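Note sheet for the following structure.
Predicted model, so just to flag it, every value in this text is computed and none were measured.
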Amino acid sequence: MMVGKWLRFSKFVYVPIGAMPMVFLSLARGNVGVDTPNYVSAIYLLRMNGDLIEYFEPLFERLLLLVGQLPVDDFVVLAIISFITTILLLFSWLKIEERPLILFVVMSQFYVDMTMNGIRYGLAFGLVSLAALSLIRRPSLLYWPIIALGSGIQVTSGFLGLFLYLIHHMKARAIVFFIAFSCVAFYLFGDHILIKLSDNQTLFKPSLLSGIVPLVLSMSLLIVWYRDKNVGRQAFGKIAILLLLSFMAYGVSQYSYAGLRLQLLIVFMICLVMACHQKIAGVGFSRQSSILIMLIGIFFGLLKIRNFAAADEYIAAPFIPYLFFWESY
């Protein structure tokens with residue numbers, strides 16, 4: 001990706017080419033990723049039942065049912081979902097960013113997890129990225145329908161969309177939308193959320209270091225943004241809110257696994273807000289800030305790979321050793 005940028009190729013050429021190795025590993029993987037066995041089991045049950053099993057959000061199950069009609073293996077069904085996520089991410093971010101700097105951070109931090117583990121949130125966050133593209137245009141009529149669609153895939157993406165709208169507009173009406181949508185979402189999916197939090201709580205033993213890496217990542221991005229002479233202007237309010245949310249999510253991570261999930265949401269939102277802000281401002285990051293963002297993406301991307309490699313050996317589908325789908329039988 002960096003070489004293509006220096007050679008002045010179109011970003012629509014060098015970014016997809018640079019992402020090909022990661023995309024190939026995502027699409028060809030077999031029983032890889034902690035949550036993969038759950039998705040494979042769900043696809044099997046959906047195919048056997050022919051109707052919703054009420055294990056995941058309804059739209060996601062309907063998508064699995066639809067793709068599951070194809071005469072392909074369960075792992076191929078997941079690969080198709082991952083491919084849709086990939087297209088959503090690349091299309092949205094390449095349209096939002098003139099120079100795909102923040103996209104580099106997103107790919108290094110989220111892509112593997114979004115397409116090889118957390119398939120639901122990956123697809124839903126891809127839809128939020130598409131909605132963000134609508135948000136920076138006028139009129140943004142498609143924003144809320146896309147956010148609603150993402151919420152039907154994975155409910156937390158609705159909160160990401162609402163936070164994004166609130167911070168982007170910095171208006172009181174956004175707060176009203178947030179409260180109203182939160183109440184409706186909890187009414188519809190409250191039992192599902194509570195069960196998930198309860199399950200995760202039993203698996204998670206918090207410590208002082210829990211969530212420290214995503215907190216440092218958030219602070220690093222926000223500091224670079226604040227100190228940038230081009231993009232940092234008139235962004236103090238957004239930066240302050242995002243910094244506050246980062247520390248709040250870190251506080252929650254000291255008590256619940258849900259806090260770690262919330263931190264990932266905040267990091268993704270920081271990336272979206274940064275990209276949208278520079279797009280609307282019509283200016284890009286300075287050369288110094290661009291280099292720092294690239295270094296942040298590389299450093300925290302290596303930490304992410306280290307975490308994948310250090311996964312519990314007793315996990316049914318670890319990231320290491322990597323298995324192709326034809327090796328998973």
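- When all heavy atoms are compared, the tightest approach of L123 to L63 is CD2-CD2, 3.4 Å.
- Although no hydrogens or angles enter the test, the distance criterion places a donor-acceptor pair under 3.5 Å between the side chain of S92 and the main chain of L130.
- Nearest heavy-atom pair across L221 and C271 is CD1-SG, 4.1 Å.
- A chain of hydrophobic side-chain contacts below 4.5 Å, direct or via other Ile, Leu, Val, Met, Phe, Trp or Tyr residues, connects F299 to V216.
- One finds no salt bridge joining D113 and K304 here, because no Lys/Arg side-chain nitrogen approaches an Asp/Glu carboxylate oxygen to under 4.0 Å.
- From I266, atom CD1 reaches atom CG of L245 across 4.5 Å, with rounding to the nearest 0.5 Å.
- For the pair E61 and I53, the minimum side-chain heavy-atom distance is below 4.5 Å.
- Annotation: side chain of I119 is not in contact with side chain of D35 (no heavy-atom distance under 4.5 Å).
- Using a 4.5 Å cut-off between side-chain heavy atoms of Ile, Leu, Val, Met, Phe, Trp and Tyr, with links allowed through other members, I223 and L215 fall into different hydrophobic clusters.
- Considering only heavy atoms from C-beta on, L89 comes within 4.5 Å of W93 through its side chain.
- Each of I147, T85, L149 was evaluated against L127; a single residue qualifies, L149, per the side chain to side chain contact (heavy atoms under 4.5 Å, CB included) test.
- For the residue pair R261 and S253, no side-chain donor N or O sits within less than 3.5 Å of a side-chain acceptor on the partner.
- Of the inter-residue distances, the one linking M269 atom CE with L264 atom CG reads 12.0 Å to the nearest 0.5 angstrom.
- Residues I43 and L78 are in side-chain contact: their nearest non-hydrogen atoms beyond the backbone lie under 4.5 Å apart.
- Residues L303 and L295 fall into different hydrophobic clusters, defined by Ile, Leu, Val, Met, Phe, Trp and Tyr side chains chained together at heavy-atom separations under 4.5 Å.
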Walk me through it: do L27 and V23 pass the test side chain to side chain contact (heavy atoms under 4.5 Å, CB included)?
CA-CA 6 Å; L27 300 184; V23 174; 3.8 Å; yes
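- In this structure, Q154 contributes its side chain and G122 its backbone to no donor-acceptor pair below 3.5 Å.
- Within a 6.0 Å sphere centred on CZ of R47, other residues, nucleotides and ligands contribute more than 12 heavy atoms.
- Judged purely by distance below 3.5 Å, without hydrogens or angles, the side chains of T115 and S82 never pair a donor atom with an acceptor atom.
- Summarising the geometry, atom OH belonging to Y55 is positioned 12.5 Å from atom CG belonging to L64; distances are rounded to the nearest 0.5 Å.
- Note that OH of Y44 and CE of M48 are 4.0 Å apart. Values are rounded to the nearest 0.5 Å.
- Separating the CG atom in L103 from the OG atom in S108 is a distance of 9.5 Å, to the nearest 0.5 Å.
- Although no hydrogens or angles enter the test, the distance criterion places no donor-acceptor pair under 3.5 Å between the side chain of S26 and the main chain of M22.
- Within the 3.5 Å criterion, the main-chain N or O of S289 finds no donor-acceptor partner in the side chain of D228.
- At a threshold of 4.5 Å between side-chain heavy atoms, the hydrophobic network of Ile, Leu, Val, Met, Phe, Trp and Tyr places M107 and F12 in one connected group.
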Please walk me through it: do L243 and F247 pass side chain to side chain contact (heavy atoms under 4.5 Å, CB included)?
CA-CA 6 Å; L243 184 62; F247 277 103; 3.6 Å; yes
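- Looking at V15 and F104, their side chains never come closer than 4.5 Å, going by heavy atoms from C-beta outward.
- The shortest side-chain heavy-atom distance between M219 and S246 does not fall under the 4.5 Å cut-off.
- Annotation: side chain of Y111 is not in contact with side chain of V106 (no heavy-atom distance under 4.5 Å).
- One N or O on the side chain of R99 and one on the backbone of F285 form a donor-acceptor pair closer than 3.5 Å.
- Here the closest heavy-atom approach between residue L272 and residue A132 is recorded as CD2-CB, 3.9 Å.
- Rounding to the nearest 0.5 Å gives a distance of 7.0 Å between CG of L222 and CE of M274.
- Smallest separation of non-hydrogen atoms from I96 and S129: CD1-O, 3.9 Å.
- Side chains of N230 and S286: no donor on one and acceptor on the other come within 3.5 Å.
- Of all the heavy atoms in A275 and E97, the pair that sits closest is CB-CG, 3.9 Å.
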Using side chain to side chain contact (heavy atoms under 4.5 Å, CB included), reason through V67 and V76 one step at a time and then give a plain yes or no.
CA-CA 9 Å; V67 181; V76 178; over 6 Å; no
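- Between Y39 and F60, the ring planes are perpendicular. Angles over 60° get that label, and only those under 30° would be called parallel.
- Ionic pairing of E57 and R120 is present here: one or more N-O contacts between side-chain nitrogen and carboxylate oxygen are shorter than 4.0 angstrom.
- For the pair I84 and L88, the minimum side-chain heavy-atom distance is below 4.5 Å.
- One hydrophobic cluster, built from ILVMFWY side chains closer than 4.5 Å, cannot hold both L66 and F75; they sit in different ones.
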For a side-chain hydrogen bond (donor to acceptor under 3.5 Å, both in side chains) check, start with the C-alpha distance between E98 and Q278, then their side-chain angles and the critical distance, and finish with the verdict.
CA-CA 9 Å; E98 293 299 326; Q278 69 165 339; over 6 Å; no
Before giving the answer on side chain to side chain contact (heavy atoms under 4.5 Å, CB included), spell out for T36 and R29 the whole-Å C-alpha distance, their side-chain angles and the decisive distance to 0.1 Å.
CA-CA 10 Å; T36 295; R29 56 96 176 190; 2.6 Å; yes
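- Between F110 and F268, the ring planes are perpendicular. Angles over 60° get that label, and only those under 30° would be called parallel.
- Here the closest heavy-atom approach between residue H168 and residue I136 is recorded as CE1-CG2, 4.3 Å.
- Note on residues 214-238: pairs passing ring pair (Phe, Tyr, Trp, His ring centres under 6.0 Å), not counting sequence neighbours, are W225-H277.
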